[in-house]
Each structure stands twice: as C-alpha cells, then as structure tokens.
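Atom set for the values below is all heavy atoms of this structure, side chains included, hydrogens, waters and symmetry mates excluded.
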Amino acid sequence: MGGTLLTDSNIFPHLRRTVCTSYLASTHVGGYRSLRHRFLYKACISSNTDLADSVARRKIIAYTAAISLSLVPIPSVQQPAKSEESVLSEWERVYLPIDPGVVLLDVAFVPDDLNHGFLLGTRQTILETKDGGNTWFPRSIPSAEDEDFNYRFNSISFRGKEGWIVGKPAILLYTSDAGESWERIPLSSQLPGDMVYIKATDEKSAEMVTDQGAIYTTSNRGYNWRAAVQETVSATLNRTVSSGISGASYYTGTFNTVNRSPDGRYVAVSSRGNFYLTWEPGQPYWQPHNRAIARRIQNMGWRADGGLWLLVRGGGLYLSKGTGINEEFEEVPVQSRGFGILDVGYRSKDEAWAAGGSGILLRTTNGGKTWARDKAADNIAANLYSVKFIGDNKGFVLGNDGVLLRYLG
C-alpha cells in the first residue's frame with residue numbers, strides 16, 4: 001500500500017463490510033442495546049440506496065475510528081536527511097605518480113595540441129600528459145640525467161612545437177618536435193645567478209631570466225644569447241642606494257619571485273620582500289620601487305587589464321590604481337583565514353583565482369574588487385604556490401607534496 005493513494009472509494013467498502021459484518025454478528029447474540037445501535041444496524045443492512053449508504057458511511061466512520069486507524073497504515077514520519085555541506089567547486093585534484101615531497105613549479109602545453117603537456121617540479125620531476133591533464137606519467141629525458149645532479153626544473157614554455165625548459169643547477173633543454181625529444185643546450189659557467197624563468201617568444205627564439213636580474217634573449221635555438229639589461233640588480237642598487245629605496249642596502253642579490261606580462265614587462269620582488277623592481281623592453285636597467293605597504297611583499301604579478309597585483313606576507317592582497325606600472329595600491333578584503341596568499345592567476349579580464357597556504361583558494365569575477373573562497377582544497381594539507389591558466393578553459397594550481405588541482409570550467 002506504500003504507493004497507493006488512500007481515498008474513500010478504495011478504503012471505505014472494505015472498512016464498511018468489516019465493521020458491519022462484525023456488528024451484525026454481535027446483534028444476533030446480544031440484541032439491540034440502544035437506539036444508536038439500532039440505527040447502525042439499519043445502516044448496515046440498507047446498502048441498496050445511496051442515502052442509506054451515505055448515512056451509514058458517516059455513522060460507521062464516526063463509530064469505528066479506532067478500527068479504521070488499525071486498518072489504514074500510518075505513514076512513518078521521515079526526518080530530513082542529514083547531508084554534508086555541498087561544496088560547489090570548479091577544481092578537482094589530480095593524483096600524480098611522484099614522491100609526496102615534490103614541489104610542483106610550472107606547467108605548459110603544446111599550442112598545437114592542448115592535450116599534450118608537461119609538468120615540472122623539484123627532485124628532477126618531469127611529467128607528461130596526452131589527455132589534457134587528466135592523467136600524468138613520468139617522462140625521462142636522458143640528456144638531463146647524464147650527471148649526478150638532482151635538478152629543480154623551474155620553468156617551461158612552448159611556441160608552436162618548440163619548447164624550452166630551464167632549471168637549477170644551470171640546465172637548458174630545447175625541443176623542436178613538441179617534446180618528443182629534448183636536447184641539452186650548453187650554458188656559460190659565467191651566467192650570473194640561477195635560471196628561474198624562460199619564455200618562448202618566436203621561432204628558435206626565447207627570453208631567459210636569472211634570479212640576479214640578468215635577462216638574455218636568443219634567436220638561434222639557444223646557441224648564442226644577448227643581454228637585454230646592462231647590469232645585474234645588485235649593480236643597479238649599488239648605484240642607486242642613495243636614491244631612497246628602502247631596503248636596498250640589505251639586498252642579498254636575488255629575486256624572491258619574477259613575473260612577465262604578455263607584452264614583455266617584468267615585475268620582481270626582492271628576496272626579503274622589502275621592495276620590488278620593474279623592467280620594460282628597451283630599458284638598460286631594472287627600476288627599483290619602494291613598497292607603499294607596511295608588511296613585506298610576498299609576490300607580485302600582472303592583471304589581465306595591465307595593472308599590478310601585490311601580495312603581502314600574512315594574507316593581504318592589493319591592486320594597483322589604473323594600469324601599467326604604478327606605486328599606488330589599494331587593499332582588497334579577502335578571506336584568507338590568516339594564511340598567506342602566494343599567487344594569483346587570471347583566467348580572463350574579470351575572473352581570477354588566488355591560491356596560498358593550507359589549501360586557500362579564492363575567486364573573483366569582477367576584476368579583483370571582491371573575492372570569495374572556494375572550498376575545493378580545504379581538506380588538502382598543502383600549500384598552493386602557483387596558479388596557471390592556459391587559455392580560457394584549461395587551468396592548474398600547483399602545490400607542494402605533489403598536489404595538483406585541475407580546473408573544470
């Protein structure tokens with residue numbers, strides 16, 4: 001009866017027959033005990049008329065409420081289901097075949113085949129995917145395994161089928177066949193600093209940056225490199241230490257982070273986070289800038305509209321006023337739960353994602369004016385160091401302990 005609608009038409013006939021049969025049998029034994037019993041008796045035997053049937057129905061239902069309750073099953077009262085909080089997320093974790101201590105550092109895909117990509121990390125980690133990043137497998141590159149070094153592969157970039165990888169200790173790899181094979185390009189032992197970034201700029205051409213501020217360009221597959229700046233950052237600060245740059249005298253000679261805009265401009269944060277530097281194509285030197293925020297800088301980068309974003313230690317997020325290089329910043333409230341935000345990646349002019357310590361993920365859909373927390377990584381005990389978008393529909397968040405999040409869109 002669980003799926004049957006209970007109505008008079010399907011319950012009453014059976015109920016009436018049951019009550020009347022029982023009652024008539026009792027009257028043959030005991031007789032009429034009252035006018036009420038007599039009326040009920042007449043109702044039971046006068047079922048051949050509509051009026052009698054209607055009157056009997058009302059009387060029988062009133063008289064036999066207890067019996068009807070016993071015959072009709074009472075639906076059980078179900079308590080509301082207790083479900084866990086619905087977590088709506090646009091990210092999923094991808095589990096990788098690597099040691100848990102690996103820190104993921106960069107990811108890139110072949111422009112002609114966005115299903116084919118490479119993922120880099122510490123401990124000589126190079127992973128490859130052929131299905132857009134759903135699954136990854138270790139990639140062995142013999143030219144990077146000849147020496148007894150545990151390379152830290154910092155950066156990778158593709159243009160067409162040509163690709164470049166740089167790492168520490170100094171290593172440069174090049175491919176002309178979309179990563180099917182890689183060759184090692186010799187580097188000068190006099191290279192100032194460690195290579196931390198490379199960008200494929202044109203056919204057989206690339207731009208490379210070291211953590212001491214050296215910028216080099218090549219147009220012949222890396223066989224020759226030309227310096228784009230005339231001196232290292234240390235030399236620049238030694239000349240400009242009297243210009244009022246706070247913290248310049250404490251500069252240790254290396255960058256903490258460096259980021260490139262699509263049009264070739266750079267912004268870098270000093271290792272102590274007490275000032276930052278910028279460089280534009282054609283400038284002979286890096287330009288140092290005082291920070292306008294009391295807390296030290298964690299990272300800086302470029303917004304999709306050409307302005308700057310700035311992260312401070314402790315979880316603060318600031319946006320520069322207007323576009324271009326600007327020393328005026330405004331703080332934007334974020335729910336970082338006290339954990340530091342480590343990187344920001346723009347998917348479009350309006351949408352961006354910020355990531356940080358203890359699985360913090362934040363999203364903006366209005367260019368950075370407001371941010372909402374995404375709970376996708378709340379239960380992941382890892383720091384999320386980098387947010388990378390490859391086009392509108394492909395994105396990844398890279399973290400320590402081999403944590404990789406894939407954007408679902």
I171 vs F149, test: side chain to side chain contact (heavy atoms under 4.5 Å, CB included). Steps then yes/no. CA-CA 10 Å; I171 185 172; F149 284 123; over 6 Å; no
For the residue pair N299 / N259, report whether a side-chain donor-acceptor contact shorter than 3.5 Å exists. yes
Counting only heavy atoms not in D263 (residues, nucleotides, ligands), do more than 12 fall under 6.0 Å from its CG? yes
Does a side chain donor of either T201 or E207 reach within less than 3.5 Å of an acceptor in the other side chain? no
Would you please name every residue forming a side-chain contact (heavy atoms from CB on, under 4.5 Å) with V102, sequence neighbours left out? I98, D99, L104, T122, R123, T125
Take atom CZ in F137; do more than 12 heavy atoms of anything else shown fall under 6.0 Å from it? yes
Which atom pairs, one a donor and one an acceptor, fall under 3.5 Å between side chains of residues 186-197 and the rest of the protein, sequence neighbours left out?
from	atom 1	to	atom 2	distance (Å)
S188	OG	Q190	N	3.1

Tightest non-hydrogen contact, residues S348 and A304, listed as O-CB, 3.5 Å
For F118, all residues meeting ring-ring contact (aromatic ring centres under 6.0 Å, His included), sequence neighbours excluded: H116, F158, W182
Taking the side chain as C-beta and beyond, is there a heavy-atom pair between V397 and W91 under 4.5 Å? yes
Any non-hydrogen side-chain atom of N115 less than 4.5 Å from a side-chain atom of K130? no
Is a donor on one side and an acceptor on the other found under 3.5 Å between the side chain of T218 and the backbone of N224? yes
Is the distance between the ring centroids of W309 and W302 less than 6.0 Å? no
Which heavy atom of V344 sits nearest a heavy atom of A352, and at what distance? CG1-CB, 4.3 Å
Drop me the distance from R313's CZ to L342's CG, to the nearest 0.5 angstrom. 11.0 Å
If only side-chain N and O atoms count, and only distance matters, is there a donor-acceptor pair under 3.5 Å linking N154 with R152? yes
Nearest 0.5 Å please: distance from the CD1 atom of I293 over to the CG atom of L311. 10.5 Å
Just wondering, are more than 12 heavy atoms of other shown residues or ligands nearer than 6.0 Å to NZ in K349? no
Residue pair I126 / E128, side-chain heavy-atom distance below 4.5 Å: no
Check this for me, if you would: do K161 and D112 make a salt bridge, where the nitrogen-to-carboxylate-oxygen distance has to be below 4.0 angstrom? no
Keeping D343 on the side-chain end and V387 on the backbone end, is there a donor-acceptor pair under 3.5 Å? yes
Sequence neighbours excluded, which residues qualify as side-chain hydrogen bond (donor to acceptor under 3.5 Å, both in side chains) partners of Q298? none
Are K369 and T364 side-chain neighbours, meaning at least one heavy-atom pair lies under 4.5 Å? no
Under a 4.0 Å threshold between the charged nitrogen and the carboxylate oxygen, would R363 count as salt-bridged to E351? yes
Not counting sequence neighbours, which residues clear salt bridge (Lys or Arg N to Asp or Glu O under 4.0 Å) with E180? List them please. none
Going by ring-ring contact (aromatic ring centres under 6.0 Å, His included), name the residues that satisfy it together with Y346, two or more places apart in sequence or in a different chain. none
At their closest point, which heavy atom of I341 faces which heavy atom of G315, and how far apart are they? CD1-O, 3.5 Å
Please name all residues satisfying side-chain hydrogen bond (donor to acceptor under 3.5 Å, both in side chains) with S386, sequence neighbours left out, ordered by chain then number. none
Could you work out, with ring-ring contact (aromatic ring centres under 6.0 Å, His included) as the rule, every residue matching W164, not counting sequence neighbours? Y174
Compute whether any side-chain donor of one residue and acceptor of the other, for E328 and S320, lie under 3.5 angstrom apart. no
Should I380 and L405 be marked as a side chain to side chain contact (heavy atoms under 4.5 Å, CB included) after you check the CA-CA gap, both sets of side-chain angles, and the distance that decides it? CA-CA 11 Å; I380 298 178; L405 304 182; 3.9 Å; yes
Classify the angle between the aromatic ring planes of Y266 and W279 as parallel (below 30°), tilted (30 to 60°) or perpendicular (above 60°). tilted
Any side-chain donor near an acceptor of the partner, Y407 and E90, under 3.5 Å: yes
For the residue pair K394 and F109, would you count it as a cation-pi contact if the rule is NZ or CZ under 6.0 angstrom from the ring centre and within 45 degrees of the ring axis? yes
Check side-chain hydrogen bond (donor to acceptor under 3.5 Å, both in side chains) between T232 and all other residues, then give those that pass, not counting sequence neighbours. none
Quick one: does any side-chain atom of S143 pair with a main-chain N or O of I141 as donor and acceptor, under 3.5 Å? no
Give a yes or no on whether the backbone of G179 and the side-chain of R139 come within a donor-acceptor separation of less than 3.5 Å. yes
Are the side chain of N400 and the backbone of A382 linked by a donor-acceptor contact shorter than 3.5 Å? no
Side-chain H-bond candidate by donor/acceptor type, T129 with D131, under 3.5 Å: yes
With the side chain counted from C-beta on, respond yes when F329 and K321 share a heavy-atom pair under 4.5 Å apart, and no when they do not. no
Partner residues of R159 under the side-chain hydrogen bond (donor to acceptor under 3.5 Å, both in side chains) criterion, sequence neighbours left out: none
Note, D350 side chain near N366 side chain (heavy atom, < 4.5 Å): no
Heavy atoms, side chains only, cut-off 4.5 Å: are D378 and R373 in contact? yes
Does any non-hydrogen side-chain atom of T175 lie less than 4.5 Å from one of E183? no
Test of understanding: with side-chain contact (heavy atoms from CB on, under 4.5 Å), list the residues that count as partners of T278, not counting sequence neighbours. V267, Y276, Q287, H289, I325
Applying side chain to side chain donor-acceptor pair (under 3.5 Å) to N274 and R291, what does each step give before you reach the verdict? CA-CA 7 Å; N274 45 11; R291 72 182 194 275; 5.5 Å; no
Using modelled atom types only, decide if a donor and an acceptor are shared between the side chain of E162 and the backbone of K204 within a distance under 3.5 Å. yes
Considering residues at least two apart in sequence or located in another chain, which fulfil the salt bridge (Lys or Arg N to Asp or Glu O under 4.0 Å) criterion with E280? none
